[in-house]
Amino acid sequence: MLQLYYASGSLCSQKVKLVLAEKNLDWKHYPINLLTFENLQPSYFRLNSKGVVPTLIHDGKVITNSAVIVRYLDEQFPNYKLTPAEPALLERMDRWIDLLDQFPMLEVMYGNFRGIEGFVLRRSVQIKERMLPQLIQANPELKEQYAAKLKAIKQLNSTIRNVKEIEGINQKIEPLLDQLEVQLSQTDWLCGTNYSLADTLWTAVLNRLDESGFGLLWEDNTRPALGAYLNRLKIRTSFKKAIQDDKMPLPMLLAGLRKILLGI
Ligand SMILES: N[C@@H](CCC(=O)N[C@@H](CS)C(=O)NCC(=O)O)C(=O)O
């Protein structure tokens, strides 16, 4: 049985859920509430030393990175292969996935989300920065892992407060979209005629860019092939299952808002 620790609305969880849906695999749900910081609990840190979602458990193996998880799933469940067999196409798929992995999506999201959502995200980073030193004190056996998390959170907090840095990161989005536009003007999918893991992962990222207010960069018709591509991705059943239906249950949301806004 596949067991997935995931968080509703988390981009990295959505990538894995999309692949599970594409392959029509059953899996056991372990929802983690990022708003109440369940991911910082010692029990979760023992499973995932970075305290992030997703985490997949299968056949006694624990896998903690979405890019590794999706490749693992494609190898283990070859019923519907999402990896091209031809070496040149495989290389192309790897290039698209690397490009996406190197892109600072976390900073784009935390730096650009507006309204209550943006407020909650940014406040959650500040709270984590306060919680982690206490967790280091209380859990000496996890000191190194928590210290690494604190360092990463401090870095994120400093970046998202720096308007100039966020502007610089935002400026990298259009060249990335241009590369997609060139490819998608030639082929339906990123690796040619067949849908692949690269398309699955880009579904989550493009959708998140859209939610962060960057949809105008293709909706204004300057990148028509990209706009049409996202429409093709959105009509897949996997999009409905993994993204549209990915709503946080109300009790979890309320517990999260209480924690973030009132500190209880
Ligand atoms: N490289 C990791 C990144 C995982 C990651 O950053 N997950 C985010 C959600 S998309 C998370 O758990 N954030 C909570 C936190 O860092 O405290 C992956 O792709 O799995």
Side-chain angles (χ1 to χ4, degrees), residues 2-20 30-58 61-74 94 96-113 117-118 120-136 142 145-160 169 197-198 200-209 211-212 242-243 246 248 252 256 259-260:
L2 292 160
Q3 297 168 273
L4 183 72
Y5 290 78
Y6 69 97
S8 298
S10 127
L11 176 69
C12 308
S13 304
Q14 286 176 349
K15 291 176 187 171
V16 174
K17 286 165 89 176
L18 279 163
V19 173
L20 290 164
Y30 290 92
I32 295 287
N33 192 343
L34 295 182
L35 298 179
T36 55
F37 310 106
E38 276 181 347
N39 59 316
L40 299 187
Q41 290 308 311
S43 55
Y44 190 68
F45 250 80
R46 282 188 201 103
L47 197 62
N48 183 316
S49 63
K50 293 194 171 141
V52 290
V53 284
T55 300
L56 180 84
I57 305 186
H58 180 237
K61 292 182 280 278
V62 180
I63 314 173
T64 59
N65 182 292
S66 60
V68 181
I69 296 174
V70 295
R71 287 178 194 268
Y72 174 84
L73 288 171
D74 202 39
D94 288 343
W96 282 117
I97 295 180
D98 287 348
L99 205 61
L100 168 151
D101 279 343
Q102 285 153 20
F103 194 74
M105 265 315 283
L106 202 61
E107 287 76 3
V108 168
M109 286 182 317
Y110 281 74
N112 292 290
F113 261 122
E117 228 171 331
V120 165
L121 276 181
R122 285 185 282 277
R123 177 130 177 146
S124 74
V125 183
Q126 292 163 3
I127 298 177
K128 278 184 235 181
E129 203 173 320
R130 283 206 304 272
M131 281 175 77
L132 281 159
Q134 295 161 17
L135 284 160
I136 293 174
L142 290 170
Q145 293 90 321
Y146 278 132
K149 181 82 182 177
L150 180 59
K151 193 170 166 213
I153 290 292
K154 279 188 171 168
Q155 176 64 55
L156 177 65
N157 210 356
S158 133
T159 303
I160 62 181
I169 290 173
L197 278 182
T200 319
L201 302 185
W202 276 96
T203 303
V205 170
L206 288 172
N207 180 62
R208 187 50 54 95
L209 280 175
E211 289 173 348
S212 314
I243 297 189
D246 178 31
M248 190 186 252
M252 269 179 106
K259 185 87 182 170
I260 302 258

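Note that the numbering runs from 1 along the sequence shown for the chain. Whatever order the structure lists ligands and atoms in, that order sets their numbers, starting from 1.
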Location of contacts on Lys128 toward ligand 1, heavy atoms closer than 4.0 Å = side chain
At what distance is the nearest protein heavy atom to atom 10 (S) of ligand 1, and which residue and atom is it?
-> Cys12 SG, 3.2 Å
Counting from 1 in the order shown, the ligand 1 atoms closer than 4.0 Å to a non-hydrogen atom of Ser10 are 9 (C), 10 (S)
Could you note down all residue pairs passing salt bridge (charged side-chain N to carboxylate O under 4.0 Å, His left out) where residues 36-50 supplies at least one of them, sequence neighbours left out?
-> Arg46-Glu141
Where Leu156 and Val125 come nearest, the two heavy atoms and their spacing = CD2-CG2, 4.1 Å
In terms of atom number and element, which parts of ligand 1 are under 4.0 angstrom from non-hydrogen atoms of Leu11?
-> 10 (S)
List every atom of ligand 1 that sits less than 4.0 Å from any heavy atom of Pro54, numbering the atoms from 1 in the order shown and giving each element.
-> 20 (O)
Between CD1 on residue Ile32 and CE on residue Met252, distance to nearest 0.5 Å | 7.5 Å
So is Lys149 close enough to ligand 1, meaning a heavy atom under 4.0 angstrom away?
-> yes
With sequence neighbours excluded, residues passing ring-ring contact (aromatic ring centres under 6.0 Å, His included) with Tyr30 = Tyr5
Atom 6 (O) of ligand 1 - nearest protein heavy atom and its distance | Val52 CG1, 3.8 Å
Minimum-distance protein heavy atom relative to atom 19 (O) of ligand 1 = Ser66 OG, 2.6 Å
The reported gap from CG in Leu2 to CG in Leu73 (rounded to nearest 0.5 angstrom) is 6.0 Å
Considering only non-hydrogen protein atoms, determine which one is nearest to atom 2 (C) of ligand 1 and report residue, atom name and distance to 0.1 Å.
-> Asn65 ND2, 3.9 Å
Pair Asp246-Gln14, side-chain donor/acceptor within less than 3.5 Å | yes
Considering the heavy atoms of Asn39, write down every atom of ligand 1 situated less than 4.0 Å from one of them.
-> 14 (C), 15 (C), 17 (O)
Does the N or O separation between Val53 and ligand 1 drop below 3.5 Å for any pair?
-> yes
How about Thr55 and Asn48: does a side-chain donor come under 3.5 Å of a side-chain acceptor?
-> yes
Over all heavy atoms of both residues, which pair between Val52 and Tyr44 is shortest? Give the atoms and the distance, please.
-> O-OH, 2.7 Å
